[in-house]
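Here's the structure, in structure tokens; my notes come after.
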Amino acid sequence: IDAPWMARGLAYGLALALLVVLLWLAWRTRADRTPRSFDLGFGACLALMLLATPLGWMYYFPVLFVAYFVAWPIARETSIRRRTALLAAYLLSTAPLPLVPSSQLSSPIAWFTWASVYVYSLILLITVLFVMMHRAQAMSSRSRQGRS
């Protein structure tokens with residue numbers, strides 16, 4: 001399909017959707033002022049920033065060490081699934097992909113598989129961080145209710 005207007009619209013639409021999700025999550029956790037919630041939110045912002053602005057992003061992936069450094073101790077307190085997902089996101093983000101001529105990327109199968117590994121790693125990291133933020137917010141609200 002030769003529709004550049006659709007590509008532009010999808011890109012702006014998805015960036016707007018990511019911003020709305022981040023604002024919604026920030027609004028929900030505004031009462032939770034714990035360092036854990038702030039750190040997870042900051043890590044999610046870093047990952048969303050890379051997903052929303054993908055120009056040269058492979059060079060900025062080391063910034064995600066902050067998100068992994070913050071999330072790993074929290075993930076260790078939770079289920080093995082979160083630790084596994086966090087580790088998978090890290091391993092996907094460090095997968096060495098060779099530079100490939102654009103002539104070899106003419107297949108949609110290539111677009112949605114190995115050529116999109118970095119996108120999938122960011123989506124997985126964002127999902128794990130959002131789940132962890134939601135759980136931290138729920139635990140904080142339960143502890144506040146228990147004190148009252």
Side-chain angles (χ1 to χ4, degrees), residues 6-100 102 104-147:
M6 187 186 310
R8 246 182 262 113
L10 280 173
Y12 289 129
L14 290 174
L16 182 65
L18 287 173
L19 182 63
V20 166
V21 167
L22 184 62
L23 289 173
W24 174 76
L25 201 54
W27 180 259
R28 283 196 62 218
T29 59
R30 71 189 181 282
D32 185 15
R33 298 186 188 267
T34 61
R36 173 179 287 193
S37 179
F38 177 81
D39 291 345
L40 288 172
F42 184 71
C45 280
L46 289 174
L48 281 169
M49 171 194 68
L50 287 176
L51 191 60
T53 58
L55 297 176
W57 63 351
M58 291 185 319
Y59 309 110
Y60 297 112
F61 266 46
V63 169
L64 292 178
F65 278 126
V66 173
Y68 293 118
F69 183 74
V70 166
W72 186 254
I74 299 168
R76 288 183 59 200
E77 299 171 4
T78 61
S79 71
I80 188 85
R81 287 186 311 214
R82 284 192 199 90
R83 285 183 295 219
T84 304
L86 197 60
L87 187 61
Y90 172 73
L91 290 175
L92 283 174
S93 72
T94 60
L97 295 179
L99 293 177
V100 178
S102 60
Q104 292 181 6
L105 291 176
S106 60
S107 166
I109 293 172
W111 300 341
F112 293 107
T113 55
W114 62 271
S116 297
V117 162
Y118 297 131
V119 174
Y120 298 140
S121 72
L122 285 173
I123 290 172
L124 183 59
L125 176 61
I126 291 166
T127 303
V128 170
L129 290 173
F130 279 178
V131 167
M132 291 171 71
M133 286 175 68
H134 177 71
R135 285 197 42 103
Q137 193 265 338
M139 289 173 44
S140 176
S141 65
R142 273 185 272 175
S143 70
R144 279 195 306 258
Q145 288 174 353
R147 283 184 272 168

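Count residues from 1 along the sequence.
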Among all residues two or more places apart in sequence or in another chain, which pass the side chain to side chain contact (heavy atoms under 4.5 Å, CB included) test with [X]?
| X | answer |
| --- | --- |
| Ile123 | Leu51, Val119, Thr127 |
| Ile80 | Arg83, Thr84 |
| Val117 | Leu92, Ala95, Leu97 |

Residues 64-76, side-chain donor-acceptor partners within the protein, below 3.5 Å, at least two apart:
unit_1	atom_1	unit_2	atom_2	d
Tyr68	OH	Ala89	O	3.3
Tyr68	OH	Tyr90	N	3.4

Closest contact, heavy atoms only, Ala44 versus Leu129:
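Answer, listing the atom of Ala44 first, then Leu129: N-CD1, 3.5 Å.
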
Between Tyr118 and Ser93, which heavy-atom pair has the shortest distance, and what is it?
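Answer, listing the atom of Tyr118 first, then Ser93: CE2-O, 3.5 Å.
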
Do Leu125 and Tyr120 have side-chain heavy atoms sitting under 4.5 Å apart?
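The answer is no; the side chains never approach within 4.5 Å.
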
If you measure from [atom1] on [X] to [atom2] on [Y], what distance do you get to the nearest 0.5 Å?
| X | Y | atom1 | atom2 | value |
| --- | --- | --- | --- | --- |
| Cys45 | Leu50 | SG | CG | 11.5 Å |
| Leu122 | Ser116 | CG | OG | 11.5 Å |
| Glu77 | Arg82 | CD | CZ | 11.5 Å |

